[in-house]
Amino acid sequence: MRTSQYLLATQKETPAEAEVASHQLMLRAGMVRKLASGLYNWLPSGLRVVNKVAAIVRDEMNKAGAIEISMPVVQPADLWVESGRWDDYGPELLRIKDRHQRDFVLGPTHEEVITDLVKTEVNSYKQLPLNLYQIQTKFRDEVRPRFGIMRSREFIMKDAYSFHIDEQSLDETYQRMHQAYCNIFERIGLQYRPVIADSGSIGGAVSHEFHVLADSGEDDIAYSDSSDYAANVELAEALAVGEKTAPSQRIKLVDTPNAKTIDAVSKLLECDITKTVKTLIVNASEESEHDFVALVLRGDHSLNNIKAEKLELVASPLQMADEAAVKAKLSCDFGSLGPVELGFPVIVDRSAERVADFVCGANQDDKHFVGANWESDVKDYSVADLRNVVEGDPSPDGKGTLAITKGIEVGHIFQLGDKYSTAMNCGVLNETGKHEVLQMGCYGIGVTRIVAAAIEQNNDKYGIIWPTSIAPFSVVIIPMNMHKSHRVMETAEKLYKELSEAGVEVLFDDRKERPGVMFNDMELIGIPNSIVIGERNLDNQQVEVKDRKSGEKILLNIEEVVSHIQNLG
RNA sequence: CGGUGAGUGGCGCAGCUUGGUAGCGCACCUGGUUUGGGUCCAGGGGGUCGUAGGUUCGAAUCCUAUCUCACCGACCA
């Protein structure tokens, strides 16, 4: 491709709306242009990258035994009513009507359509397992589209759905998809982690997210420094920390005027914050005989809502108790609560339970207890994992300690079980001739999001540094003053022809621009290699080949260039 | 949905307080100049000042309504 016949569309200035690196660079490098909030045009360079990513995903999916199909973006509402998600999905689902006033949706995902398809096309267990996928545009009417391509409303996703006669078969395919995803991210060349995830509202039991590690990520991931363990912070199990010491003090009531927070109390009483506990009152579940449940954490730890609401005694969704209602019962404010003689169930975090001689609220305004102990002073309580993990906690798998990093979710795989197949009555005849509902798995990869994530992870002050696997071009020819020098032009044309014929994706910057302009544009776009041709080196029949990532330059004889570039992979 | 801020040539912005010929930089076009890291000079084209209404002799500027966008929050396969 010649730049003179291409739409390069680079720009010097960064549009004010772009916050994150990938968004800024994609705009400046001429990859995308915004059409409206969360909607983007893909320009030639951007589309080339999208297609590269899609090709790798497609190849690995095929290798893993999945079969490509294509389903419509517009879907009839009936199917969503049938699955129950017409009501459950909320405003993120864009609903439209056709000319006959029939309801349709723009597909944010395709569980309904695929389940309906398989229901009619697959009738026997002999046709299973089956894993179907598509690479296709999705639409989600995000509350707040942001970060450019990272969270747009329209995006390209690879979504696969597998169907099984039993859970064992589902698990086999799930493991195979897990491996295929690892292959994809490794082949693209990104730093990533598979993490144990919450299956969320899509339902199902087992689930992993695949995260590209980058500081601008929206999710927090806890991972072990010495094993493969990684989990979303929301889910990471928090083991007990701190030594369990024997009680050495008797409980004592002290005045703590105006000390309503853990910080204030520990400061006033001059005690370490890890020797305090805090008490949070939440609404109890309906099955419970009480109105409230007290959740007790060590002073420096924070409550994990997801863990809390999974407890039997706790109402789901989790709801903090109304302060007035608590005051009516205990006649004190939130700032003076403690687990001693509360009159409703007390659940203590594992780490809080290890603290002896602790400081806690006395359930009287402006009073706290010091030297309190579980066995002697609280007596009736249970212990559970309630808190968020923090950096330095022991890893739940027993190997190493946890660190926390930011990640960009680029893939998510689920074992759905029979949620959709039951709702939509999707089954086959089994070996005994009886109708059996299918087990399902679903596996998504954000193709366009990977493009943005790759930039987040690979850029410098000059621009994008594409991994070779997904670069829009493998090499660019940058001639110095070609329009003045016949020798330069001849060499450039020759190399362009030879590289093109060798099947190398080569860009030829034949614009009548100054060298600095070309260097800057090509570094911004992030092409992995450039061939600089100038009078200077032609005297020795040589050209310069420069690596975008390392900045290293080497001189090569002209006839060596093509094989050298090919060997770079 | 709540909070904050912004809408002026393709992009980045000034002008608004105190109403009176719509400006600057980048980009674009023409000519020259320069040529291994975003040259320099001269000339040129392009804007219903988000939209609608109002006040006024006169509105980018003041008032009202409305739309759009961004950031923070809530929410989220």
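Reckoned from all heavy atoms, side chains included, excluding hydrogens, waters and symmetry mates. Below, read A as the first sequence line, B as the second, and so on, with proteins coming before strands; counting in each chain starts at 1.
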Rounded [atom1] spacing from [N] to [M] in Å:
N	M	atom1	value
B/A60	B/U51	P	11 Å
B/A22	B/U39	C1'	31 Å
B/U34	B/C40	C1'	7 Å
B/G10	B/G50	P	13 Å

Whole angstroms only, please: what is the [atom1]-[atom2] distance between [X] and [N]?
X	N	atom1	atom2	answer
A/E19	B/C69	CD	P	17 Å
A/H211	B/A77	NE2	P	13 Å
A/L416	B/A77	CG	C1'	11 Å

Return each pair, listed once, that meets salt bridge (Lys or Arg N to Asp or Glu O under 4.0 Å) where at least one residue sits in residues 33-46 of chain A; pairs must be two or more places apart or across chains.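 As it turns out, the salt bridge (Lys or Arg N to Asp or Glu O under 4.0 Å) pairs with a partner in residues 33-46 of chain A, which skip direct neighbours, are A/E17-A/K34.
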Inter- and intrachain pairs under salt bridge (Lys or Arg N to Asp or Glu O under 4.0 Å), touching residues 518-537 of chain A, at least two apart: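 Sorted pair list: A/R487-A/E535, A/R511-A/D521, A/E523-A/K546.
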What residues form a ring-ring contact (aromatic ring centres under 6.0 Å, His included) with A/H178, not counting sequence neighbours?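 Only A/H208, A/F210 meet the ring-ring contact (aromatic ring centres under 6.0 Å, His included) criterion with A/H178.
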Checking A/Y89 now: which residues fulfil ring-ring contact (aromatic ring centres under 6.0 Å, His included) with it, not counting sequence neighbours?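 Here the qualifying residues are A/W80.
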Considering every strand shown, what is the Watson-Crick or G-U wobble mate of B/C28 when both distances are under 3.5 Å?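 Its partner is B/G44.
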Could you let me know what B/C62 is paired to, Watson-Crick or G-U wobble, both distances under 3.5 Å, or none if it's on its own?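 With both distances under 3.5 Å, B/C62 matches B/G54.
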Which ones in [range] lie close to RNA chain B, meaning a heavy atom under 4.0 Å from one of its atoms?
range	answer
residues 36-46 of chain A	A/S37
residues 526-536 of chain A	A/V532, A/G534, A/R536
residues 147-162 of chain A	A/R151, A/M157

Sort and list the pairs that fulfil ring pair (Phe, Tyr, Trp, His ring centres under 6.0 Å) and have at least one residue in residues 514-535 of chain A, not counting sequence neighbours.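 Those involving residues 514-535 of chain A do not exist here.
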Looking only at side-chain atoms of A/K12, point me to the closest of B/G38, B/A77, B/C75.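 It is B/G38.
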Between A/R144 and B/C75, is there a contact of a side-chain N or O with OP1 or OP2 at under 4.0 Å?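 Answer no for this pair, as no side-chain N or O of A/R144 is under 4.0 Å from OP1 or OP2.
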Nearest-nucleotide 5' precedence on RNA chain B, A/P145 against A/K546: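 With A/P145 and A/K546 compared, the 5'-side residue is A/K546.
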Determine all donor-acceptor pairs shorter than 3.5 Å in which one atom belongs to a side chain in residues 23-31 of chain A; sequence neighbours excluded.
residue : atom : partner : partner atom : Å
A/H23   : NE2  : A/Y40   : OH           : 3.2
A/Q24   : NE2  : A/A18   : O            : 3.1
A/Q24   : NE2  : A/E19   : O            : 3.4
A/R28   : NH1  : A/K12   : O            : 3.3

Could you check whether the side chain of A/N537 and the base of B/G36 have a donor-acceptor pair of N or O atoms closer than 3.5 Å, going by distance alone?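 Yes, a donor-acceptor pair under 3.5 Å.
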Under 3.5 Å, which N/O atoms of the protein pair with N/O atoms of nucleotides 39-46 of chain B?
residue : atom : partner : partner atom : Å
B/U39   : OP2  : A/R514  : NE           : 2.7

In chain order, what residues pass the salt bridge (charged side-chain N to carboxylate O under 4.0 Å, His left out) check against A/K549, with sequence neighbours excluded?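 A/K549 satisfies salt bridge (charged side-chain N to carboxylate O under 4.0 Å, His left out) with no other residue.
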Pairs under 3.5 angstrom, nitrogen or oxygen only, protein versus nucleotides 9-15 of chain B, please.
residue : atom : partner : partner atom : Å
B/C11   : O2   : A/E13   : OE1          : 3.4
B/G12   : OP1  : A/A16   : N            : 3.3

Sub-6.0 Å ring centroid separation between A/Y6 and A/F473: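 For A/Y6 and A/F473, the ring centres are under 6.0 Å apart.
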